Amino acid sequence: MKTSAIILAAALGITGADCRASDIAIVHARIYPAPGVATLVDGMVLIHDGRIAAVSDRVALPPGTTVLACDGCVILAGFWNAHVHFVGPQWLGVAHLPPRTLERQLQQMLTHSGFTSVVDTGSDPAVTNELRRRIERGEVAGPHIRTAGLPVFPAKALPFYLADLPSGFTTKVGQPASPDEARDFVARNLAAGADITKLFTGSIVAPEQVQPMRRDIAAAAASESHRLGAIVFAHPTNLEGVRIATASGVDVLAHALEDVHGFDQTEIRDLARRRVTIVPTLKLFAQDRNIQEIRRLVLRAHRAGVPLVFGTDTGFLADYDVSEEYRQLSLAGLKIDDILAMLTTAPAALFKTTSHQGRVAPGMDGDLTVLGSDPKSEGVRAFSDVRYTIRAGKVLFDRAHPEADQSD
Ligand SMILES: [Zn+2]
């Protein structure tokens with residue numbers, strides 16, 4: 001046993017001095033390396049120095065490795081949630097909150113559901129940038145965050161449901177009245193730390209009333225974002241919002257349509273041809289009268305080859321349980337491997353990080369979501385049965401030892 005450990009350590013280039021407690025391993029696990037790839041029924045994953053060092057059916061660990069309890073757990077690549085927001089009073093004062101408070105909040109909102117990477121599709125940069133800075137400096141254990149910074153709305157057409165947000169946020173968001181103003185806003189937003197651009201091509205200004213973004217303004221915003229290397233998300237709402245988005249070169253629809261009226265196979269083929277990704281956020285529409293039609297649209301898009309990526313609008317939705325999203329995706333007709341792709345390989349492809357994210361394989365980032373049960377035998381509910389969330393070899397969430405609630 002000892003000899004084999006030394007041999008493996010040597011093969012991995014790990015010297016004695018490198019065998020720190022920060023090496024972690026999970027043994028006797030079922031491993032799904034990627035959607036459609038053969039399962040390892042009784043395998044181990046070793047993470048060294050923040051990266052996956054070994055995926056094997058042999059149990060041979062460098063000395064000093066921390067072995068996480070598993071008993072029948074299932075290892076998947078770290079999950080993405082490509083539609084979240086950091087809004088709400090708990091995030092104010094993020095610069096001064098104790099790390100443990102922020103870790104508890106991140107667990108409650110995101111990492112208890114296995115998310116190692118998230119995309120904030122619009123929040124106050126004063127909050128998200130500071131939260132991200134503290135995570136990346138290692139002060140706070142949290143997920144990898146990409147952000148849209150301040151979203152862009154049609155001029156004088158903020159969605160009615162933003163009325164509850166602090167005016168400090170709603171006065172800062174983009175409402176360009178001309179293509180020049182749109183380019184200028186997008187460039188400043190990206191320079192201030194945003195990674196993507198978010199356009200409301202259909203803004204719900206009142207219940208049942210949608211204000212479209214002017215096409216020349218949407219096109220100017222999208223092309224400026226692309227020129228600066230940032231992909232563009234859109235909130236389309238209805239058919240007109242989709243058409244403005246596609247004509248402008250938008251890359252991602254941040255929701256399925258809530259008004260599917262007039263949306264036919266021609267539109268779906270157009271999305272597929274342009275490789276526009278959809279983040280369905282079905283839980284958001286679960287109570288809508290037409291949820292069945294929305295689910296049908298998502299399945300037709302999937303069958304036509306439109307890439308789908310997982311996202312929930314968590315943060316805008318104050319209920320952080322994502323099991324309903326899995327249930328809705330399953331009701332739509334998506335299979336376990338389709339949903340696993342939405343959580344792992346599809347977002348990595350969208351953000352061009354497939355060389356180091358999205359699969360459980362040696363050399364990849366040490367980002368893992370470890371479940372207590374197997375989606376392939378237990379169904380989609382197993383996706384929310386999260387035991388560990390691990391990012392770069394650091395345990396962000398351990399169900400047996402959650403961050404204690406503090407009375408602060
Ligand atoms: Zn949202």
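These numbers were taken from a predicted model, which means no experiment stands behind them. Every number for a ligand or one of its atoms is a count from 1 in the order of the listing.
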task = Show all protein N/O/S atoms under 2.8 Å from the Zn ion (ligand 1), or state that there are none.
result = H83 NE2, H85 NE2, D313 OD1
Ring geometry between W80 and F351 (parallel below 30°, tilted from 30 to 60°, perpendicular above 60°) = parallel
inquiry  = Can you classify the ring geometry of F79 versus F115 as parallel (below 30°), tilted (30 to 60°) or perpendicular (above 60°)?
reply    = tilted
Name every donor-acceptor pair, under 3.5 Å, that has one atom in a side chain of residues 257-265 and the other anywhere in the protein, sequence neighbours excluded.
residue	atom	partner	partner atom	Å
D259	OD1	H261	N	3.0
D264	OD1	T266	N	3.0
D264	OD1	E267	N	3.2
Q265	OE1	R300	NE	3.2
Q265	OE1	R300	NH2	3.2

Qualifying residues under side-chain hydrogen bond (donor to acceptor under 3.5 Å, both in side chains), relative to R273, sequence neighbours excluded = D270
Tell me which donor-acceptor pairs under 3.5 Å the side chains of residues 393-402 have, and how far apart each pair is, sequence neighbours excluded?
residue	atom	partner	partner atom	Å
D398	OD1	A400	N	3.0
D398	OD2	H401	ND1	3.1
R399	NH1	D385	OD1	2.5
R399	NH1	V386	O	3.3
R399	NH2	D385	OD1	3.2

key: Crowding at CD, Q292 (>12 non-hydrogen neighbours, <6.0 Å)   = no
